[in-house]
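Scroll down for the structure; my scribbles are underneath it.
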Amino acid sequence: MSDTPKNTQTVHASFAAKLTAILGALEGDGILPADTPHRGVTVEPPRDPSHGDLATNAAMVLAKQAKTNPRALAEKIVEKLSADPDVSSAEIAGPGFINMRLEPSVWIAELHAIAAMGDTYGQSSMGEAQDGKRARVNVEYVSANPTGPLHMGHCRGAVVGDALASLLEFSGHDVTREYYINDAGGQVDVLARSAHLRYLEALGEDIGDIPEGLYPGDYLKPVGAALAKAHGDAFKSAPEAQWLETFRTGAVNEMMELIRSDLALLGIEHDLFSSEAALHVAGKPDAAEKWLRDHDLVYDGVLEAPKGKAPPEDWEPVELPLFRSTQFGDDQDRPIKKSSGAWTYFGADLAYHFQKAEKADAMINIWGADHAGTVKRIKAAVAALTKGAGREIPFDVKLVQMVQLMRDGEPLKMSKRSGNFVTLADMIEEVGKDVVRFTMLSRKPEAQMDFDFAKVVEASKDNPVFYVQYAHARIHSNMRKAAEEGFAASDEHIDQLGTEELELIKQAAQFPRLVEAAASAREPHRIAFYLYELAGAFHAYWNLGNTRVDKRFIVAQNPEISGARLFLSEQLGQTLRNGLRILGVQAVEEM
RNA sequence: GCGCCCGUAGCUCAUCUGGAUAGAGCGCGAGACUUCUAAUCUUGAGGCAGCAGGUUCGAGUCCUGCCGGGCGCACCA
């Protein structure tokens with residue numbers, strides 16, 4: 001692959017370029033005004049394939065600027081398109097669409113491009129600036145509290161974030177996968193106390209039931225044991241103040257180890273783990289507060305009582321440093337510090353995001369839908385801080401909706417309080433990494449989804465994961481069989497490929513533009529749906545061979561067509577593989 | 001009460017950032033194959049895209065209002 005041509009053009013990229021050139025020429029002809037913006041102009045396959053291979057709406061979009069009607073402008077464009085040897089026909093349809101059919105040689109060339117690019121087919125440079133520098137995108141995901149193992153609730157965000165990161169990488173971005181460790185709030189003190197109890201247990205004390213308010217899970221037993229081993233009975237009857245910090249640090253470290261190993265089961269590895277505690281030590285929140293106060297975005301004020309439902313019984317008005325998030329559409333100004341003087345989560349979080357922004361050209365957070373209420377304030381605060389620093393960057397928060405666990409159509413109940421919840425590790429053990437990943441990506445993230453254990457492990461064509469992997473495995477086993485029978489893939493006679501085969505190439509050829517669209521929309525699930533369709537097209541072609549022996553990949557009496565079809569199937573396999581790699585799902589070679 | 005997300009075939013979901021006659025799978029109807037290119041195949045019916053307006057050459061897609069479902073509404077994280 002060392003001789004991979006760097007700028008091998010894919011069909012869709014090259015036709016987009018051709019259209020741009022034609023529109024430029026029309027400017028030269030005086031038909032379009034100089035420097036006409038091409039906003040909204042698209043070149044894409046029409047939904048209805050009977051309309052042709054490619055369609056453009058250019059005439060409709062630009063008619064106004066050309067001071068003419070769409071069809072008249074379309075004629076000018078068609079005139080130039082028709083002169084292109086790759087275009088077998090170009091015609092005007094409907095309100096002014098231009099439909100094109102391309103010469104078979106174009107699709108054959110695409111097949112060569114897939115072969116030449118191999119693992120890089122579908123990659124793009126959309127993340128690269130003019131000077132070739134890749135945009136730095138920070139994707140923060142998971143960021144679960146370090147108080148226990150990951151459970152189902154974390155799973156979807158983890159997979160979506162990871163696939164999005166891969167998708168952006170594949171599209172030429174310089175991606176940092178980041179995990180924010182909330183190791184500074186009250187919940188880690190609770191963790192430390194819970195660990196202390198398990199420490200006493202490990203020293204042989206009878207601890208009885210775990211008191212309300214502490215973490216009951218068994219996963220803390222080894223933590224207690226490790227602490228007992230490290231410290232002996234030094235903290236057995238010591239006051240909390242003497243051991244809290246030690247136990248907090250120790251327990252958080254253990255929990256992060258646990259979480260890392262859970263993530264590894266999903267095939268996820270973050271580049272960067274940022275500690276909230278370290279942020280405080282570095283004085284970042286103080287710096288942020290100072291800047292915000294200087295710019296009148298933080299003031300001392302009294303928080304309103306909660307609206308709607310009855311206010312908490314212990315509610316009393318207190319003066320707190322408030323961020324003016326109402327200026328940015330929030331319901332309420334939000335406190336950055338508690339009455340105790342400690343930072344609120346939000347106070348630390350805005351400083352954290354400001355820190356991330358320094359080393360990124362864009363930031364994306366993947367959050368659970370239960371954090372939806374905090375999006376406005378953090379976006380507002382980050383916008384203010386980065387703007388103030390003279391470098392405002394795009395900052396998206398993608399909300400991932402809840403997953404309802406099901407078994408045979410019945411919702412699965414779980415209670416976090418009792419420590420009785422489905423852990424990520426359990427789930428992966430039961431259904432496997434690939435199933436979890438693919439299933440989590442087979443629904444747009446902002447919609448709720450059901451995850452039925454019984455359905456997702458089913459090995460039939462009704463199960464998308466299986467269906468896509470099966471296509472890849474089928475290609476592989478067919479290649480093996482071909483080799484045994486003395487056939488080999490060869491591009492020597494690929495011009496003999498017929499209509500059905502060209503249709504397959506056309507579908508594979510969608511991959512690069514689909515990747516770009518998915519990357520710019522930040523929607524990795526589109527890749528999953530595309531792969532399902534591509535696999536479907538492959539299976540359909542394969543099934544043709546059931547009744548028509550002449551349509552099989554291996555035709556005994558015809559090594560030429562067999563070689564060409566095997567070459568085609570190799571490239572389909574390559575495309576499936578590239579897509580699956582983005583999703584982090586294994587392209588298996590046998591089922 | 002307020003905020004965010006969702007609402008598309010009987011069911012589960014797509015619809016490529018506004019395009020042409022809204023597509024798949026399941027299920028249902030009809031047929032094929034009795035087997036290894038079958039962990040099946042072909043084919044048919046099925047829709048007022050929650051409802052009502054608006055924006056425009058064009059709306060499932062954007063805007064407004066309602067209806068229904070989910071999530072959230074601490075100085076928690």
Side-chain angles (χ1 to χ4, degrees), chain A residues 40 42 44-48 50-51 55 57 60-61 63-64 69-70 93-97 99 143-145 147 182 184-188 276 303 305-309 311-312 314-315 318 320-321 329-332 334-349 368-376 399-402 404 442-450 452 455 458-464 466-467 470 474 477-478 481 510 513-518 520-523 525-526 528-530 532-533 536 539-547 549 551-554 591:
Chain A
T42 59
E44 46 186 32
R47 275 188 192 171
D48 184 347
S50 72
H51 288 143
N57 60 355
M60 287 183 292
V61 176
K64 246 181 209 165
N69 65 69
F97 286 102
N99 291 330
S143 298
N145 285 335
T147 55
N182 297 129
Q187 84 282 359
V188 285
E276 182 186 352
L303 204 59
K307 290 170 182 159
K309 300 279 161 65
D314 57 350
W315 174 264
V318 204
L320 293 167
D330 205 351
D331 307 335
Q332 224 179 52
R334 304 291 176 173
I336 60 169
K337 275 184 184 171
K338 308 178 203 175
S339 50
S340 67
W343 293 97
T344 62
Y345 181 84
F346 172 59
D349 208 30
D370 50 345
H371 290 68
T374 66
V375 172
K376 273 181 186 167
L399 293 176
V400 172
Q401 291 290 329
M402 302 290 126
Q404 172 70 258
S442 55
R443 186 102 159 84
K444 59 183 171 209
E446 64 269 26
Q448 294 146 239
M449 82 182 287
D450 291 345
D452 194 315
K455 277 189 193 161
E458 197 178 308
S460 80
K461 70 182 183 59
D462 307 338
N463 183 350
F466 168 82
Y467 196 61
Y470 187 36
R474 206 170 220 182
S477 69
N478 191 50
K481 185 184 162 209
Q510 302 301 319
R513 56 176 287 276
L514 193 108
V515 167
E516 286 205 353
S520 58
R522 269 101 214 236
E523 294 184 347
H525 74 275
R526 290 192 200 179
F529 283 100
Y530 168 77
Y532 182 69
E533 278 170 24
H539 286 306
Y541 179 82
W542 179 273
N543 289 328
L544 257 187
N546 283 325
T547 47
V549 180
K551 277 293 174 188
R552 296 190 177 187
F553 281 93
I554 304 168
M591 306 287 294

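Lettering follows sequence order; numbering is per chain, from 1.
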> Can you check the A:H539 NE2 to B:A24 C1' distance for me, whole Å?
Replying inline: 14 Å
> Roughly how many Å is it from CZ in A:R334 to P in B:C73, rounded to a whole number?
Replying inline: 10 Å
> Mind checking who B:G44 pairs with, Watson-Crick or G-U wobble, both distances under 3.5 Å?
Replying inline: B:C28
>> Return the pairing partner of B:G7 with a 3.5 Å limit on both distances, Watson-Crick or G-U wobble; otherwise return none.
In response: B:C67
> Across the strands shown, which category fits A:F553 at heavy-atom distances under 4.0 angstrom: base, sugar-phosphate, nothing?
Replying inline: base
>> Nearest whole Å is fine: how far is B:A74 C1' from A:I336 CD1?
In response: 16 Å
> Looking for any heavy atom pair under 4.0 Å, which part of the strands does A:E44 touch: base, sugar-phosphate only, or nothing?
Replying inline: sugar-phosphate
> Reckon A:T374 touches a base, only the sugar-phosphate, or nothing at all at heavy-atom distances under 4.0 Å?
Replying inline: base
>> Distance check needed: B:G7 C1' versus A:Q448 CD, whole Å only.
In response: 10 Å
> Looking only at side-chain N and O atoms, does A:K376 come under 4.0 Å of OP1 or OP2 in B:G3?
Replying inline: no
>> Please name the nucleotide paired to B:U56 by Watson-Crick or G-U wobble geometry with both distances under 3.5 Å, or report none.
In response: none
> Got a donor-acceptor pair under 3.5 Å from the side chain of A:R47 to the base of B:G18?
Replying inline: no
>> Taking pairing as Watson-Crick or G-U wobble with both contacts under 3.5 Å, can you name the mate of B:C73, or confirm there isn't one?
In response: B:G1
>> So A:F97, base contact, sugar-phosphate only, or nothing? Heavy-atom distance under 4.0 Å.
In response: base
>> Once you apply a heavy-atom cut-off of 4.0 Å, does A:K64 come out as touching a base, just sugar-phosphate, or nothing?
In response: sugar-phosphate
>> Does A:R443 reach a base, just sugar-phosphate, or nothing at all? Heavy atoms under 4.0 Å.
In response: sugar-phosphate
> Taking atom C1' of B:A39 as reference, at what distance in whole Å does atom CZ of A:R474 sit?
Replying inline: 9 Å
> Does the ring of A:F466 lie flat against the base of B:A39, closer than 5.5 Å centre to centre with planes under 30°?
Replying inline: no
> Which part of the nucleic acid, if any, lies within reach of A:T42 when heavy atoms closer than 4.0 Å are counted: base, sugar-phosphate only, or nothing?
Replying inline: nothing
> With both distances kept under 3.5 Å, what pairs with B:G23, Watson-Crick or G-U wobble?
Replying inline: B:C13
> Is the aromatic ring of A:H371 within stacking range of B:G72, meaning centres under 5.5 angstrom and planes under 30 degrees?
Replying inline: no
>> As a test of reading the structure: which of B:U17, B:C13, B:C75 is closest to the side chain of A:A521, going by heavy atoms?
In response: B:U17
> Roughly how many Å is it from CG in A:D450 to P in B:C6, rounded to a whole number?
Replying inline: 17 Å
> If you look at every strand shown and take non-hydrogen atoms under 4.0 Å, does A:L514 touch a base, only sugar-phosphate, or nothing?
Replying inline: base
>> Would the base of B:C75 count as contacting A:S339 through its side chain, where contact means a donor and an acceptor less than 3.5 Å apart?
In response: yes
> Contact class for A:N99 (heavy atom, under 4.0 Å): base, sugar-phosphate, or nothing?
Replying inline: base
> Rounded to the Å, how far apart are A:F529 CZ and B:A22 C1'?
Replying inline: 16 Å
> How long is the line joining CG of A:D330 and P of B:C4, in whole Å?
Replying inline: 10 Å
> What is the nucleic acid contact for A:A55, judged by heavy atoms within less than 4.0 Å: base, sugar-phosphate only, or nothing?
Replying inline: base
>> What contact category does A:D370 fall into here, base, sugar-phosphate, or nothing, at under 4.0 angstrom with non-hydrogen atoms?
In response: sugar-phosphate
> Taking N and O atoms by type only, does the side chain of A:N543 place a donor or acceptor under 3.5 Å from a partner on the base of B:A38?
Replying inline: no
> Nearest to the side chain of A:S520 - B:C71, B:U17, B:A74?
Replying inline: B:U17
